[in-house]
Number of protein chains: 2
Amino acid sequence: MKKGNILGGAFHTSTLTVVGLGLMGGSLALALRPHADTIIGVDPNPETLAYAKANGIIDVGTDDLREGVSQAETVILAAPVRVIVELLERKLVSFLRYNTLVIDIGSTKQEIVRAMSKLPIGIHAIGGHPMAGKEHSGIQHAEARILIGRPFVLTPTERRTPATLSRAVALVESIGAVPVQMDAARHDQTVATISHLPYIISSALVATTAYQAQVDPAVWQLASSGFRDTSRLASSDIKMMMDILGTNKQAVTTMLAFFRMQLAQLEALLISGDEVGLVNFLSAIRDTRNEWWLNQQKGAK
Amino acid sequence: MKKGNILGGAFHTSTLTVVGLGLMGGSLALALRPHADTIIGVDPNPETLAYAKANGIIDVGTDDLREGVSQAETVILAAPVRVIVELLERKLVSFLRYNTLVIDIGSTKQEIVRAMSKLPIGIHAIGGHPMAGKEHSGIQHAEARILIGRPFVLTPTERRTPATLSRAVALVESIGAVPVQMDAARHDQTVATISHLPYIISSALVATTAYQAQVDPAVWQLASSGFRDTSRLASSDIKMMMDILGTNKQAVTTMLAFFRMQLAQLEALLISGDEVGLVNFLSAIRDTRNEWWLNQQKGAK
């Protein structure tokens, strides 16, 4: 995995347009505030635009894509994956200026990078995915600092121009995130493991609890902090998750098969009464998780 | 499910002994501080005893069980399940005064209540399980307030004496927790759903990630807040969890079978490309989880 630092440089852009003002779009606009002369926000929701303008997240708001992007030097697409693909394939292309940097923050990258590869030569497009999140979505929860110290994956298109990568790396570094260059396929397999699989098992846990609640509703009364955390992802935005699952089916179902394998091993140890085997397996898992979490906390400092 | 309020009354005890000074034992000692003349802590670890004494959690500390419990009017057993069973079946019985209230906070209740039922008639024993927790264990994280507003399950023994229940209800209410009376078998099935199953799937998720990391260690680098929450329970104390799984095997494996059923349904919808079916299923799950979480937050106020 290459870190992009050597390619980076100070980032400044005249006009930045953020298409889609949700939690991440809003957070990016806030983080890029010092590095852009003008920030334009494009969103279909007038209340979102009003909120973003009133809170200094954007300078100008519009629901008109052409108006929003035609003067931009940098465009960030911050929408669900299939909306981004649709923008790239149909709507966006005729509105962009020559030499514009187009970066997205969609949660899966193969379909987006494929669409980016078909853009005209003069458009500098690259896939992006900041690995940060919050329990709550929506622009009212946007914060510049949620990106600081977090990996920001960059997935080049087939063209792989060094100039595009260097501008994207500079953008990522200007907001304090850590650029991580990776092929789109590798990105999608990785996030299937650490993000899409957790969403599915979290949802299956809630479904199982609801099933058991038909027999005894006490499950809802006694559920506590452990259930809260394990089930948290089941509250994710459905449109966002449907686009993720729909564009990463093979990787997600592969990880589900691997997950069933591990689950079966735990169950076999439990049913067989092999306490030594179960202690060893669970201890190794706990150590692995603790080591990861310790490194995360170190990284955050 | 009966709430015990009608039976409750002001709780006061001369000498309270807490056996096992971990997070919950320490939190209970702190919460019961205003309701006990003297608090004795029993723990094998001299550093734990010194910490508890220095921080006013207990008045007297000892590693000698007989010394700790022989003057107690109230005894709380706060240890892993099989340690509690061992105490009840062998060590404790000859040391207790007549008319002592014995309550435990073990995470499964059937084996404990069975052992309690064999205590001499003069001992008032009842099973207990406060539904509260924290990411970190150990007495240094103990807090009186983690029990406030939380359900505190009480599982009577075969004898079911109203006097025992009434004293236990008064104790629970004195610390601001909510007494919930329930049979031990029903308790164990319920916590298998909302606590033990989440632990196993959280552990299987970490094992799956470690498995995928052998192919590509980038999974550890990109894992973010979603993975953190879903994998949190995999960091649980192994001895505690082994005692839980070992004493609740049938309920846990039943819930694992139900979980696989729900997982298979999600997978079938995903693979078949039935987007409408998948949206409907995931939306119902999200609504269920959000409704539970909203009620939890209301309850906490």
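Lettering of chains follows the sequences in order, A, B, ..., and the numbering in each one begins at 1.
Interface remark: of the candidates B/Ala234, B/Ser235, B/Ala213, B/Ser235 forms the most heavy-atom pairs closer than 4.5 Å to chain A. Chain B forms the most heavy-atom pairs under 4.5 Å with one residue out of A/His187, A/Lys239, A/His129, A/Met255, and that residue is A/Met255. Of the listed residues (B/Lys249, B/Arg228, B/Met131), the one with the most heavy-atom contacts under 4.5 Å to chain A is B/Arg228. With chain A as partner, the option from B/Ser195, B/Ala223, B/Ala210 having the largest number of non-hydrogen pairs under 4.5 angstrom is B/Ala223. Here A/Gly226 is the residue among A/Ala132, A/Gly226, A/Ala264 with the most heavy-atom pairs under 4.5 Å with chain B.
Between A/Glu275 and B/Arg82 there is a salt bridge, since at least one side-chain N of the basic residue sits less than 4.0 Å from a carboxylate O of the acidic one.
The contact between A/Ser236 and chain B is made entirely by backbone atoms, counting heavy-atom distances below 4.5 Å. Interface remark: A/Phe258 contributes backbone and side-chain atoms alike to the contact with chain B (heavy atom separation under 4.5 Å). Heavy atoms closer than 4.5 Å to chain B are found nowhere in A/Met241, neither backbone nor side chain. Interface residue A/Leu282: backbone and side-chain heavy atoms are both found under 4.5 Å from chain B. Heavy atoms closer than 4.5 Å to chain A are found in the side chain of B/Pro151, but not in its backbone. Contact annotation for A/Val215: neither backbone nor side-chain heavy atoms come within less than 4.5 Å of a heavy atom of chain B. No part of A/Gln250 comes within reach of chain B, as not one of its non-hydrogen atoms sits under 4.5 angstrom from that chain.
Contact check for B/Arg186 versus A/Asp216: side-chain heavy atoms found under the 4.5 Å cut-off. Annotation: side chain of A/Glu291 is not in contact with side chain of B/Trp220 (no heavy-atom distance under 4.5 Å). Within the 4.5 Å cutoff, the side chain of B/Val191 has no heavy atoms near those of the A/Val219 side chain. In this structure, A/Leu263 and B/Ile201 have side chains that are in contact, with non-hydrogen atoms separated by less than 4.5 Å. Considering only heavy atoms from C-beta on, B/Leu278 comes within 4.5 Å of A/Leu245 through its side chain.
The OG1 atom of A/Thr254 sits 9.0 Å away from atom CD of B/Gln212, with the distance rounded to the nearest 0.5 Å.
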task = Let me see the working for B/Glu267 and A/Arg260 under salt bridge (charged side-chain N to carboxylate O under 4.0 Å, His left out), right down to the final yes or no.
result = CA-CA 12 Å; B/Glu267 191 173 12; A/Arg260 274 199 306 273; 2.5 Å; yes

ask   = Given the rule in the side chain to side chain contact (heavy atoms under 4.5 Å, CB included) test, do A/Thr230 and B/Asp229 qualify, once you have shown the distances and angles that lead to the verdict?
value = CA-CA 6 Å; A/Thr230 320; B/Asp229 288 355; over 6 Å; no

key: Trace of the side chain to side chain contact (heavy atoms under 4.5 Å, CB included) decision for A/Leu197 with B/Leu205   = CA-CA 8 Å; A/Leu197 173 65; B/Leu205 170 65; 3.8 Å; yes

task = In sequence, state the C-alpha distance, the side-chain angles, and the governing distance for B/Leu270 and A/Val252, and then conclude on side chain to side chain contact (heavy atoms under 4.5 Å, CB included).
result = CA-CA 9 Å; B/Leu270 178 61; A/Val252 171; 3.8 Å; yes

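Of all non-hydrogen atoms in A/Ile200 and B/Leu266, the two that sit nearest each other are O-CD1, 3.8 Å. Heavy-atom minimum distance, B/Ile194 versus A/Leu222: CD1-O, 3.7 Å. Across all their heavy atoms, B/Ala207 and A/Gln262 have their closest contact at CB-OE1, 3.4 Å.
Applying the side-chain hydrogen bond (donor to acceptor under 3.5 Å, both in side chains) definition to pairs two or more places apart or across chains, those involving residues 139-150 of chain B are A/Ser224-B/Arg150, B/Lys134-B/Glu143, B/Glu143-B/Arg145, B/Arg150-B/Gln296. Among residue pairs with one or both ends in residues 198-210 of chain A, none qualify as side-chain hydrogen bond (donor to acceptor under 3.5 Å, both in side chains); sequence neighbours excluded.
Within a 6.0 Å radius of OH in B/Tyr211, other residues, nucleotides and ligands contribute 12 heavy atoms or fewer.
The aromatic rings of B/Trp292 and A/Phe227 stand perpendicular to each other, their planes meeting at an angle above 60°, with 30° marking the opposite boundary. Ring-plane geometry between B/Phe259 and A/Phe259 is classed as perpendicular, the angle between the planes exceeding 60 degrees on a 0 to 90 degree scale with a lower cut at 30.
Judged by distance alone, the side chains of A/Ser231 and B/Arg289 do bring a donor and an acceptor atom under 3.5 Å apart.
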